[in-house]
Amino acid sequence: MSEAITYELLHIDKNSGARRGVVHTPHGDIQTPIFMPVGTQATVKSMTPEELKNDVKAQIILANTYHLYLRPGHKLVEEAGGLHKFMNWDKPILTDSGGFQVFSLSKLRKISEEGILFNSHHDGSKHMFTPEKVMEIEEALGADIIMSFDECCPYPSTYEYTKKSMERTTRWAKRCKTAHTTSNQGLFGIIQGGFYKDLRKISAEDLISLDFPGYAIGGISVGEPKKEFLDILRYTTPLMPENKPRYLMGVGTPDYLIESALAGIDMCDCVLPTRLARHGTALTSKGKLVIRNANYERDFGKLDEECDCYTCKNYSRAYIRHLVKTNEILGIRLLSLHNLRFLTRLMENVRDAIEQDNLLGFREEFYKKYGYTII
RNA sequence: GGGCAAGUGGUCGAGUGGUUAAUGGCACCAGACUGUAAAUCUGGCCGCGAGAGCGUACGAUGGUUCGAAUCCAUCCUUGCCCA
């Protein structure tokens, strides 16, 4: 049987080593490197699928196992015909396994070898997540790419704890692979090991021996300094197979996305663009712009002169600020659309730059305008 | 004309003799946000000062008291009721 998920390498940037490729999925191809919007509860907050396709130009989105298991329940989604049909999105979907919730809901869970006992953040009810249970849920949801169940360690964590956790994550990955039954979904393994290189190496090697169709780096971008992030990113990515997609989980900001592509990463996802939007901030080519700030009250210019999105084509900073200040839903929608488009467009530019062997040049130019310094 | 009630910082509204420059909410100002417990959270919000602090403040004026937004008197304003 042929793999549900395959990677095709198109070009390697001669100057940086960054890679330009295509990931083939049952619901179509995705051009890489790519930024993937997050739609935890089977919706990219405030955006319709049409807007994601036509305006944002998203090629794939994420959804979350833990959240959809709690509400509306994976059985219900299955009954609806799977996630694609349920949410009216016919392009690829990736479901995260709930591993991140082990980290973000740390006060509400207990970890054991068997799995994780969660207290629902809605009503406190107890729920046991095991690798087998997570596979059952992700298969019912029906995403193209499904993630194995892992533990995402907080920063900082001790060497001993990180090692124990990483080894358990590897055992869980094996159990996920054993429990995985569908042929139209690709199961990815997640490399852990925190900020310890030897652990990252062991994790990568062990998971590679299990032969997943794709690999992710988990457990970074959890509050560490940028230098440590880059250090682990640059160390870990080369350990990953060249003939399979490489996914960096939870990234990120424009600089992190560019650095990831430079390191050889193919896929990234992040809640940041939609969250920033809901909190009144826009991403622009000249840096973050807190649109609710008073100095934009009478600014009738675009959010970003360089942006081609629907918001920038039609609305002024002053108007968007007014919507945000008056708590109008449209403000959140226009900002979400813009921020998402900003990142998908950034990655379009990154892909073009790789094809022209110029990602390093692109980074320099982008950083200069945005206000970042190269580390 | 008579009776009753009320006037607090941008606003609404607590507070009824002593850590009260005065609880809260809203508004306003700023910051944070990275596999979404997040349209959330944090800080600021009388003036001057980096700060200790100083100076003004609870309708107005005068008084009682060691001490008043809080008690008393008069006045002003507003609302309701009666004529």
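It should be emphasised that the depicted structure is a prediction, and the values quoted were computed from it without experimental measurement. Chain letters run A, B, ... following the sequence lines, proteins first, then strands; residues in each count from 1.
Remark: the Q185(A) side chain and the T182(A) side chain contain an N/O donor-acceptor pair separated by less than 3.5 Å. A donor and an acceptor atom, one from each side chain of D299(A) and Y319(A), are nowhere located under 3.5 Å apart.
Residue S221(A) holds its OG atom at 13.0 Å from CD1 of I232(A), rounded to the nearest 0.5 Å. To the nearest 0.5 Å, the span separating OG on S260(A) from CD1 on I258(A) amounts to 9.5 Å.
Mapped onto RNA chain B by nearest heavy atom, A294(A) and L108(A) fall at different nucleotides, with A294(A) at the one closer to the 5' end. Sequence order on RNA chain B of the closest nucleotides to I332(A) and R292(A) puts R292(A) first from the 5' end.
Backbone-only contact: N64(A) has heavy atoms under 4.0 Å from sugar-phosphate atoms and none from a base. Nucleic acid contact for L272(A): sugar-phosphate only, since backbone atoms but no base atoms lie under 4.0 Å from a heavy atom of the residue. Nucleic acid contact for T281(A): base, since at least one base atom lies under 4.0 Å from a heavy atom of the residue. Looking at heavy-atom distances under 4.0 Å, Q192(A) makes contact with a base. R321(A) comes within contact range of the sugar-phosphate backbone alone, with a heavy-atom separation under 4.0 Å but no base atom that close. Contact annotation for G219(A): base contact, defined as any heavy-atom pair under 4.0 Å involving a base atom. Residue I190(A) is in base contact, counting any heavy-atom pair closer than 4.0 Å across all strands shown. No contact: C268(A) has no heavy atom under 4.0 Å from any strand. At a threshold of 4.0 angstrom between heavy atoms, the contacts of S46(A) with the nucleic acid are absent. Residue contacts shown for Q101(A) are limited to sugar-phosphate atoms, with no base heavy atom under 4.0 Å away. Using a 4.0 Å heavy-atom distance criterion, D96(A) is classed as a base contact. At the heavy-atom level, H67(A) lies under 4.0 Å from the strands shown only through sugar-phosphate atoms.
In a base pair of the Watson-Crick type (N1 to N3 plus N6-O4 or O6-N4) or a G-U wobble (N1-O2 and O6-N3), with each distance short of 3.5 Å, rC75(B) is matched with rG59(B). Within the shown strands, nothing qualifies as a pairing partner of rA50(B) under the Watson-Crick or G-U definition with both distances less than 3.5 Å. If you check rU23(B) for Watson-Crick or wobble pairing at under 3.5 angstrom, you find it has no partner at all. Using the Watson-Crick or G-U wobble rule with both distances under 3.5 Å, rC28(B) pairs with rG44(B). For rA83(B), there is no paired base (Watson-Crick or G-U wobble, both distances below 3.5 Å).
Remark: R275(A) is not in phosphate contact with rA39(B), judged by side-chain N or O atoms under 4.0 Å from OP1 or OP2. Applying the 4.0 Å criterion to OP1 and OP2 of rU36(B), one finds that S104(A) has every side-chain N and O outside that range. Note on S221(A): every side-chain N or O is 4.0 Å or more away from OP1 and OP2 of rU34(B). Of the side-chain N and O atoms in K226(A), none sit less than 4.0 angstrom from OP1 or OP2 of rU34(B).
Nucleotides rU56(B) and rC33(B) have their C1' atoms positioned 40 Å apart, rounded to a whole Å. Nucleotides rC71(B) and rC58(B), compared at atom P, are 15 Å apart to the nearest Å. Rounded to a whole angstrom, the distance from the P atom of rU16(B) to that of rC80(B) is 28 Å. Comparing rG17(B) with rU42(B), their C1' atoms sit 37 Å apart, to the nearest whole Å. Rounded to whole Å, the C1' atom of rG9(B) lies 15 Å from the corresponding atom of rG25(B). Across rA52(B) and rU64(B), the matching P atoms stand 36 Å from one another, rounded to whole Å. The separation of rU11(B) from rC46(B), taken at their P atoms, amounts to 13 Å, rounded to a whole angstrom. Distance check on atom P: rC28(B) versus rU36(B) gives 31 Å, rounded to whole Å.
Protein atom CD1 of I320(A) is 16 Å distant from nucleotide atom C1' of rA39(B), rounded to whole Å. Atom C1' of nucleotide rC33(B) and atom OH of Y256(A) are separated by 13 Å, given to the nearest angstrom. As rounded to whole Å, 10 Å separates atom C1' of rA32(B) from atom CG of L276(A). Atoms CD (E297(A)) and P (rC29(B)) sit 8 Å apart, rounded to a whole Å. The interatomic distance linking M36(A) (CE) with rU34(B) (P) rounds to 17 Å, in whole Å. Computed from coordinates, the K325(A) NZ to rA27(B) P distance equals 8 Å when rounded to whole Å.
Closest to the side chain of F100(A), from the set rU34(B), rG31(B), rU36(B), is rU36(B). Listed nucleotides: rU36(B), rG35(B), rA30(B). Nearest to the side chain of N295(A): rA30(B). For N293(A), whose side chain is taken as the heavy atoms from C-beta onward, the closest listed nucleotide among rU34(B), rG31(B), rA32(B) is rG31(B).
Between Y69(A) and F129(A), the two ring planes are perpendicular [angle over 60°; tilted spans 30° to 60°]. Note on ring orientation: taking the six-membered ring where Trp is involved, the planes of Y370(A) and Y372(A) are parallel (angle under 30°, cut-offs 30° and 60°).
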Ring pair (Phe, Tyr, Trp, His ring centres under 6.0 Å) assessment of H122(A) paired with H67(A): CA-CA 10 Å; H122(A) 296 124; H67(A) 293 270; 7.4 Å; no
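A salt bridge links K244(A) and D211(A); the closest N-O separation between the charged side-chain nitrogens and carboxylate oxygens is under 4.0 Å.
Under 3.5 Å, the side chain of R278(A) and the base of rA38(B) form no donor-acceptor pair of N or O atoms.
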